Amino acid sequence: MKSRLLRYAPLIVFWLASFGIVLHFHSPLTTFAFFTLLLFVVGGAFLTIALLQPLPARLLWRFYAALAVCWVADIVFIKMVGKDTTMLVFGGIPFACLLVPAAVMSSLFASTSRDTWWRAAVAAMCFMTSCLPVLAVGTLLLIA
């Protein structure tokens with residue numbers, strides 16, 4: 001158990017932040033929105049860990065480096081869009097949760113097997129979806 005906690009420590013930090021943000025903003029959210037965000041956080045976390053189980057440690061660290069690139073790409077996108085909320089909602093969420101993780105994992109895991117590439121790409125999409133609360137609060141802080 002301890003080795004699994006250490007193995008996924010960088011991911012757990014983001015999940016705890018997402019969970020804390022959802023709990024902190026529970027009162028202004030509707031019940032449906034609260035449970036939807038909670039489902040994103042918990043479901044994304046379980047799917048990410050399930051997909052990353054067979055990866056060896058060196059590929060897991062490559063995955064962490066790729067996630068850092070994903071976060072930087074999201075920050076650049078937010079800075080470019082600015083305060084245009086329509087573009088942030090309808091362009092930012094697909095960009096942050098689908099396009100960037102797939103593109104980054106495709107380039108960094110291109111030399112590995114097809115199964116490993118697929119697992120890394122889908123795990124990154126699940127992870128970024130589970131971090132939507134962190135992304136939303138980070139967006140508000142960046143454009144404020």
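Quick note: numbers below take in every heavy atom, side chains included, and nothing from hydrogens, waters or symmetry partners. Because the structure is predicted, anything quoted here is derived from the model rather than measured.
In the hydrophobic clustering of ILVMFWY residues, with side-chain heavy atoms under 4.5 Å counting as a link, Leu132 and Val81 come out together. Met87 and Val76 sit in two unconnected hydrophobic clusters of ILVMFWY residues. Membership requires side-chain heavy atoms under 4.5 Å apart, directly or through other members. Residue Leu39 is not grouped with residue Leu37 when hydrophobic side chains (ILVMFWY) are merged at heavy-atom distances under 4.5 angstrom, including chains of intermediate members. Transitive grouping of hydrophobic side chains (ILVMFWY, heavy atoms separated by less than 4.5 Å) keeps Leu52 and Val42 in distinct clusters. Tracing side-chain contacts under 4.5 Å through hydrophobic residues (I, L, V, M, F, W, Y), one reaches Val122 starting from Leu67; they form part of the same cluster.
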Listing, residues 137-144 side-chain donor-acceptor contacts under 3.5 Å, not counting sequence neighbours, or none:
from   : atom 1 : to     : atom 2 : distance (Å)
Thr139 : OG1    : Leu135 : O      : 2.7

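The minimum heavy-atom distance between Arg7 and Gln53, with the atom names listed, is NH2-O, 3.5 Å. Closest approach of Pro133 and Val41 over heavy atoms only: CG-CG2, 4.0 Å. The shortest heavy-atom contact between Met105 and Ala120 is CG-O, 3.6 Å. Closest approach of Cys131 and Trp15 over heavy atoms only: SG-CD1, 4.5 Å.
Using a distance-only test at 3.5 Å, with no hydrogens or angles considered, no donor-acceptor pair links the side chain of Thr116 to the main chain of Thr112. The backbone N or O of Leu108 lies less than 3.5 Å from a partner atom in the side chain of Arg62, making a donor-acceptor pair. A donor-acceptor pair is defined here as one N or O able to donate and one able to accept, closer than 3.5 Å; such a pair exists between the side chain of Ser130 and the backbone of Phe127.
Listed by first and then second residue, the ring pair (Phe, Tyr, Trp, His ring centres under 6.0 Å) pairs involving residues 88-108 are Phe77-Phe95 (not counting sequence neighbours). Screening residues 29-56 for ring pair (Phe, Tyr, Trp, His ring centres under 6.0 Å) gives His26-Phe34 as the qualifying pairs, with residues at least two apart or on separate chains.
Here Leu16 contributes atom CG and Phe19 contributes atom CZ; the two are 9.0 Å apart, rounded to the nearest 0.5 Å. In this structure, CH2 in Trp118 is found 13.5 Å from OG in Ser106, a value given to the nearest 0.5 Å. Atom CG of residue Asp84 and atom CD1 of residue Ile78 lie 13.0 Å apart, to the nearest 0.5 angstrom. For the atom pair CG of Leu99 and SG of Cys70, the computed distance is 10.0 Å after rounding to the nearest 0.5 Å.
With contacts defined as side-chain heavy-atom distances shorter than 4.5 Å, the pair Asp74/Met128 qualifies. Side-chain contact between Phe109 and Leu59 is present, with heavy atoms from C-beta onward closer than 4.5 Å. At a threshold of 4.5 Å between non-hydrogen side-chain atoms, the residues Tyr8 and Leu60 count as touching.
Chaining together hydrophobic side chains whose heavy atoms lie under 4.5 Å apart leaves Val13 on its own. Other residues sharing a hydrophobic cluster with Met125 under the 4.5 Å side-chain heavy-atom criterion for ILVMFWY residues are Leu98.
Aromatic ring pairs are classed by plane angle as parallel below 30°, tilted from 30° to 60° and perpendicular above 60°; the pair Phe14 and Trp71 is parallel.
The ring pair (Phe, Tyr, Trp, His ring centres under 6.0 Å) check on Trp61 picks up Tyr64, with sequence neighbours excluded.
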